[in-house]
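First up is the structure itself, then whatever we jot down about it.
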Number of protein chains: 2
Amino acid sequence: MNAAAGSPSANAPIRVLVADDEALVRSGFKVLLDLEDDIAVVGEATNGHEAVERTRATRPDVVLMDIRMPKLDGIQATAQIAGTRGLEQVRVLILTTYDTDDYVFDALQAGASGFLLKDAGPSELLHAVRVVAVGDALLAPRITRRLIGQFAARRQVARAAEERLAVLTEREREVTALVGQGLSNHEIGNELFLSPATVRTHVSHAMVKLGARDRAQLVVIAYRTGLVSPAP
Amino acid sequence: MNAAAGSPSANAPIRVLVADDEALVRSGFKVLLDLEDDIAVVGEATNGHEAVERTRATRPDVVLMDIRMPKLDGIQATAQIAGTRGLEQVRVLILTTYDTDDYVFDALQAGASGFLLKDAGPSELLHAVRVVAVGDALLAPRITRRLIGQFAARRQVARAAEERLAVLTEREREVTALVGQGLSNHEIGNELFLSPATVRTHVSHAMVKLGARDRAQLVVIAYRTGLVSPAP
DNA sequence: GGACGCCGCCGCCCGCGGTCGGAGGCGGCG
DNA sequence: CGCCGCCTCCGACCGCGGGCGGCGGCGTCC
């Protein structure tokens, strides 16, 4: 059973830790999981602190984590596990009744690999465990939908805003992009092999067309339209 | 068979349109889907234009869409369907061999409800069809993982960058936020009931502490740190 | 061909913005 | 108590940035 320790290789069982404050839930999961040949429950925890501690001790492949737990909630526990050296290989699968936005996004931010609602069927849970065990991720369909919505919304804003840039000439867009990165007129001139005076003209035109009074406001617009991205 | 038209109610079959340029793939899917009692293939298309046209004509619940297709690719076809009045209820499930980032993100942006890779098993396909039919969403695990990565990365950057703001005093953060929205010193003064001279002092201090030479660079930093958000 | 408009280029003027130094009040700390 | 940090305000200097007008090149339309 536990002969093959360490790396979760080919046909070694997936080692799972179950963290939930309700004993009934834990035993239910344990029975369900242990019925499978390729899955073995190697530990249990009744709160967040225990979950972290047991994870450190048993180094499971997957942690089945409830969110609502005493002492330390599942999200914070997930963050601690993800932030611990040596536990990078441990995948956390969140399992909860509530699917509040904050919970989901915070959990993913904390480093969770999956997020299931407790109304999911047993086969879905088993499938999810196997998926996250190999390093992939899986979300409840309802949550996937919202994550996609979030993602699409961001880009939607960018697309719509980009149309404002249509009035600019190529040169104007170019200098505006550089202005958006905080460069001075002189620096832009060096960058584009232009006289600073010329750069000024382009900047001025861009400001008029975009309704910016300031070069600072031009930077704002550059960011809002996605002409420059907040990332590095 | 086609007695129950219109709304996809309780036990009416899920009406599916299959769009793929390879006849073998189409017939394979058709056989697989038609074997299920609750799923019925109501049409086929061999390119993007046909897919849009057939969708308009048959109003399926779900469109199984390949990306690589002649005339019009699956992503553009998806965008057209999502943008057509009266077809809002039609869910698009992308099915492709390639999982390039651009494909995935563009497809979700275009309005797709799901994204499967062709190495998925038949049961996964059937499950996906049923999931998107009820309005939820489903992605291949590998893709879910990358989407989460994207999402988490954004917030990660924001979190890390916010620490740069720790050196600022409360007032300095305040004025910096307003500078980040493109306000002039005078306007900031009115906003915070301060003399413009005072505002200058705070702005100067903030610039020194954050290493900004310009007020424009201060705007850049304000955005990068998430002190102001690109959205509204 | 001339007229017009857009683009890219430049020089001049001046006001906003950024820097420096200073001053007064207020709260916390040794 | 004296010291320090923060907030507030002021005046002076000066350089960048923004407004304005002008000039040449290129394409379009008449």
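To find a chain, count down the sequence lines: A is the first, B the second, and so on, and within it residues start at 1.
In this pair, A/Phe151 and B/Phe105 present their aromatic rings tilted. The plane angle is within the 30 to 60° band.
Of all nucleotides present, only D/dC1 satisfies the Watson-Crick or G-U wobble test against C/dG30, with each distance under 3.5 Å.
Evaluation of atom-type donor-acceptor distances gives a pair under 3.5 Å for the side chain of B/Arg200 against the base of C/dG18. At a cut-off of 3.5 angstrom, counting only N and O atoms as typed in the model, there is no donor on one side facing an acceptor on the other between the side-chain of B/Arg215 and the base of C/dG17. For A/Thr201 and C/dC10, a side-chain-to-base donor-acceptor distance below 3.5 Å is present, hydrogens and geometry of angles not being considered.
The side chain of B/Asn185 sits closest to C/dG17 out of D/dC7, C/dC9, C/dG17.
A/Gln217 has its CD atom 13 Å from the C1' atom of D/dG18, to the nearest Å. Distance, A/His202 NE2 to C/dC6 C1': 12 Å, rounded to whole Å. A straight line from CG of B/Leu218 to P of C/dT19 spans 10 Å, rounded to a whole angstrom. Between B/Leu183 atom CG and C/dG17 atom P the separation is 11 Å, expressed in whole Å.
Two residues are said to be in side-chain contact when any heavy atoms from C-beta on lie closer than 4.5 Å; A/Leu147 and A/Leu108 meet this criterion.
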Show your reasoning for whether side-chain contact (heavy atoms from CB on, under 4.5 Å) applies to A/Met65 and A/Ile81.
-> CA-CA 11 Å; A/Met65 183 88 76; A/Ile81 291 173; 4.0 Å; yes
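Looking at heavy-atom distances under 4.0 Å, A/Ser195 makes contact with sugar-phosphate atoms alone, never a base.
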